[in-house]
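Worksheet: the structure to be examined is printed underneath.
Start at 1 with the first residue, then count along the sequence.
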Amino acid sequence: MSDNINFTGFAQSGQPQPQSHSRASSSTTQDANDGVRHDNNLLPIANVGRIMKDALPPQAKISKHAKEAIQECATEFVGFVTGEASERCRRERRKTINGDDICHAMRSLGLDHYADAMRRYLQRYRETEELAAALNHGGGGRDGRAIQIDVRAELSIFKGSNQQDDRY
């Protein structure tokens, strides 16, 4: 793990710095220091809100400000981990980041708990994909059509903690 962890967009002193990343969706903000507008590509707010809502009781409400704060944090987290994984791929002269690279990046950043959860997810995902491929290769469906397995529903690590404990 690196002793000098820096989130993108923050200098050593902890003061925000302008960003120039390329991510899923974008919004425009104006930097108070220089009056220049910067494009910040963020994760879609609707997706972030849906993930937040799934983790709360049905009657809970989430403010717009809370969603925006988590949107920025989640976007930064994804970029931070992906950047570390990308660096590993660059060192190994590979162009494609895979799930193992993400797990390695999480470990090297001190996020062992998340890396362990990701490793379990990847293992079950690969097992499910192998099963689906085997069933599809043999014409698995009763009517000769391919079988589809909803992997996300099967493997979601975001379901209630009781379900998660039972699964692993």
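In this structure, Cys103 and Leu122 have side chains that are in contact, with non-hydrogen atoms separated by less than 4.5 Å. You'll find the side chain of Met106 stays beyond 4.5 Å of the side chain of Asp112, heavy atoms only. Counting only heavy atoms from C-beta outward, the side chains of Arg94 and Asp101 approach each other to under 4.5 Å. Within the 4.5 Å cutoff, the side chain of Asp100 has no heavy atoms near those of the His104 side chain. With contacts defined as side-chain heavy-atom distances shorter than 4.5 Å, the pair Gln71/Asn47 does not qualify. Residues Phe77 and Leu111 are in side-chain contact: their nearest non-hydrogen atoms beyond the backbone lie under 4.5 Å apart. Looking at heavy atoms from C-beta onward, Ile70 lies out of side-chain contact with Ile51 at the 4.5 angstrom threshold.
Distance CZ/Arg50 to CG/Asp54: 8.0 Å, rounded to 0.5 Å. In this structure, CD in Gln123 is found 13.5 Å from CE in Met118, a value given to the nearest 0.5 Å. With rounding to the nearest 0.5 Å, the separation of CD in Glu76 from CG in Leu43 is 10.5 Å. Expressed to the nearest 0.5 Å, how far SG of Cys89 lies from CD of Glu87 amounts to 9.5 Å.
With salt bridges taken as basic N to acidic carboxylate O contacts below 4.0 Å, none links Glu127 and Arg124. Arg88 and Glu84 are not joined by a salt bridge, as no carboxylate oxygen comes within less than 4.0 angstrom of a charged side-chain nitrogen.
Smallest separation of non-hydrogen atoms from Ile102 and Val81: CG2-CG1, 3.9 Å. Nearest heavy atom pair, residue Lys67 against residue Ile62, reads CG-CG2, 3.6 Å. Contact detail for Ala105 and Ala85: the closest heavy-atom pair is CB-N, 3.6 Å.
Of the possible donor and acceptor atoms, one in the side chain of Thr82 sits under 3.5 Å from a partner among the backbone N and O of Val78.
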- Show your reasoning for whether side-chain contact (heavy atoms from CB on, under 4.5 Å) applies to Asp116 and Arg107. CA-CA 9 Å; Asp116 292 341; Arg107 269 198 207 297; 2.6 Å; yes
